2 protein chains.
Amino acid sequence: MKNKQKQIQLRDVQDVIDVIGGRWRGAILASLCDKEKRFNELKRDLGIITPRTLTKELKYLEMNKLVSREVDTSGAVTISYSLTEHGKSLEPLIGQIVAWGQKHRKVVLG
Amino acid sequence: MKNKQKQIQLRDVQDVIDVIGGRWRGAILASLCDKEKRFNELKRDLGIITPRTLTKELKYLEMNKLVSREVDTSGAVTISYSLTEHGKSLEPLIGQIVAWGQKHRKVVLG
DNA sequence: ATTAGTAGTATCCTAAAAAATAGTGGTATT
DNA sequence: AATACCACTATTTTTTAGGATACTACTAAT
């Protein structure tokens with residue numbers, strides 16, 4: 001019983017790692033917590049990501065209902081990416097991740 | 001200024017993903033939240049991990065001061081792995097990850 | 001003495017992730 | 001008209017993670 005419960009938790013952890021893990025997903029989501037962004041804006045934010053990878057990751061996040069893509073055709077076509085409601089529900093978690101990350105750096109480096 | 005702050009946060013997110021990400025790290029840490037475990041005990045817990053990978057991941061976690069390895073030579077040599085204090089500070093984060101993971105499954109699957 | 005368990009190592013291999021690089025078709029700016 | 005920015009796509013190459021498999025050295029139990 002207790003063991004079964006444990007299994008379920010491990011699955012949950014792995015699911016979440018799948019969603020925010022990898023080299024870029026967490027950072028993309030964190031960047032979008034700030035505000036909605038356009039493709040090249042995200043690209044600059046993230047530093048060294050290639051457009052191919054960014055495209056791929058954004059598609060994955062869209063499919064997982066965390067990010068939505070909106071096209072504005074009023075002037076020159078611009079496209080903005082933002083967190084969905086579900087994506088926004090990640091914000092507190094990302095906040096805690098950032099906080100723990102800062103602590104972690106101190107422990108490991110200092 | 002504001003931009004600089006943002007960069008730091010993205011770096012933090014990436015650091016944490018590095019620590020708990022990958023296929024096994026999060027699961028290993030989650031398993032050790034339960035109680036200290038021995039090598040083969042962890043191996044059974046995790047299911048299909050190879051000993052090579054488990055060794056490698058445990059070494060990484062040791063280097064990052066999250067897990068400590070203790071040798072008991074009183075009888076047959078046994079070795080136990082447990083969370084360090086720093087590792088234990090991850091527990092609330094893992095708890096939130098599990099909670100969000102459960103919510104996420106509902107959103108994505110129905 | 002044999003078997004089984006503990007705690008790993010050593011080698012090789014494959015699949016997937018991501019980088020490098022180049023190019024596309026559009027708009028806006030000067 | 002030329003340049004530059006936007007939002008990508010295509011192709012090739014490199015890197016990395018992790019699996020498969022086999023083996024080691026030790027101890028404890030039967």
Side-chain angles (χ1 to χ4, degrees), chain A residues 10-11 13-32 35-64 66-83, chain B residues 10-11 13-32 35-64 66-83:
Chain A
L10 293 189
R11 186 185 62 173
V13 171
Q14 284 176 326
D15 281 1
V16 178
I17 291 306
D18 203 47
V19 164
I20 65 169
R23 184 152 177 186
W24 297 113
R25 282 169 203 170
I28 291 168
L29 292 166
S31 175
L32 291 176
K35 58 178 174 65
E36 68 169 37
K37 303 242 168 91
R38 290 188 292 170
F39 189 86
N40 284 325
E41 210 174 347
L42 271 171
K43 194 160 154 352
R44 279 188 296 268
D45 256 28
L46 296 167
I48 53 167
I49 194 171
T50 62
R52 178 185 185 277
T53 300
L54 183 52
T55 302
K56 212 167 46 97
E57 296 304 304
L58 285 169
K59 271 180 189 151
Y60 173 91
L61 293 171
E62 262 189 275
M63 286 195 329
N64 282 268
L66 293 159
V67 163
S68 73
R69 178 181 185 273
E70 268 155 62
V71 185
D72 175 355
T73 41
S74 62
V77 173
T78 59
I79 288 160
S80 66
Y81 294 91
S82 58
L83 295 183
Chain B
L10 294 190
R11 188 186 58 175
V13 171
Q14 285 176 325
D15 282 1
V16 177
I17 291 306
D18 202 48
V19 162
I20 64 170
R23 184 151 176 188
W24 297 114
R25 283 171 202 170
I28 291 168
L29 291 166
S31 175
L32 290 176
K35 59 176 174 62
E36 69 168 38
K37 303 242 167 92
R38 291 187 292 171
F39 189 86
N40 284 325
E41 210 174 348
L42 271 171
K43 194 158 152 352
R44 280 187 294 268
D45 255 28
L46 297 167
I48 54 168
I49 193 170
T50 61
R52 175 189 184 273
T53 300
L54 184 52
T55 302
K56 214 166 46 98
E57 296 305 303
L58 286 169
K59 272 183 188 152
Y60 173 90
L61 294 171
E62 261 190 276
M63 287 197 326
N64 282 267
L66 293 158
V67 162
S68 73
R69 178 181 186 273
E70 266 155 65
V71 185
D72 176 355
T73 41
S74 63
V77 173
T78 58
I79 289 162
S80 65
Y81 293 91
S82 58
L83 295 183

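Keep in mind the model is a prediction, meaning the values are calculated, not measured. A note on names: the letters A, B, ... follow the listed sequences, proteins ahead of strands, and every chain is numbered from 1.
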**Student:** Can you check whether A/L42 reaches A/W24 side chain to side chain, under 4.5 Å on heavy atoms?
**Tutor:** no
**Student:** Under 4.0 Å between any heavy atoms, over every strand shown, what does A/E41 touch: base, sugar-phosphate, or nothing? Just pick one.
**Tutor:** nothing
**Student:** Choosing from C/dT9, C/dA7, D/dA7, which nucleotide comes nearest the side chain of B/F39?
**Tutor:** C/dA7
**Student:** Give the rounded distance in Å between these two atoms: CZ of B/R23 and P of D/dT16.
**Tutor:** 20 Å
**Student:** Quick check for you: among D/dC6, C/dA7, C/dG8, whose closest atom lies nearest to any side-chain atom of B/T78?
**Tutor:** C/dA7
**Student:** To the nearest angstrom, how far is A/E57 atom CD from C/dA16 atom P?
**Tutor:** 15 Å
**Student:** From D/dA7, D/dT9, C/dT9, pick the nucleotide closest to the side chain of B/K59?
**Tutor:** C/dT9
**Student:** Is there a donor-acceptor pair under 3.5 Å between the side chain of A/R25 and the backbone N or O of A/L61?
**Tutor:** no
**Student:** Contact between B/S80 and B/D72 at the side-chain level, heavy atoms closer than 4.5 Å - yes or no?
**Tutor:** no
**Student:** If you only use heavy atoms from C-beta on, which nucleotide in C/dG8, D/dG19, C/dA19 is closest to the side chain of B/T53?
**Tutor:** D/dG19
**Student:** What nucleotide among C/dT27, D/dG19, C/dG8 has an atom nearest to a side-chain atom of B/W24?
**Tutor:** D/dG19
**Student:** Name the residue closer to the 5' end of DNA chain C, choosing between A/G21 and B/L58 according to the nucleotide with the nearest heavy atom.
**Tutor:** B/L58
**Student:** Map A/R52 and A/V77 onto DNA chain D by nearest heavy atom, then report which one ends up closer to the 5' terminus.
**Tutor:** A/V77
**Student:** With a 4.5 Å heavy-atom cut-off, do A/I28 and A/D45 have their side chains touching?
**Tutor:** no
**Student:** Mapping A/P51 and B/N40 to their closest nucleotides on DNA chain C, which lands nearer the 5' end?
**Tutor:** B/N40
**Student:** Can you check whether B/T55 reaches B/F39 side chain to side chain, under 4.5 Å on heavy atoms?
**Tutor:** yes
**Student:** Starting at NZ of B/K56 and ending at C1' of D/dG18, how long is that distance when rounded to a whole Å?
**Tutor:** 7 Å
**Student:** Heavy atoms only, 4.0 Å cut-off, all strands: where does B/R25 land among base, sugar-phosphate and nothing?
**Tutor:** nothing
**Student:** What is the nucleic acid contact for A/Y81, judged by heavy atoms within less than 4.0 Å: base, sugar-phosphate only, or nothing?
**Tutor:** sugar-phosphate
**Student:** What nucleotide among D/dC6, D/dG18, C/dA19 has an atom nearest to a side-chain atom of A/T50?
**Tutor:** C/dA19
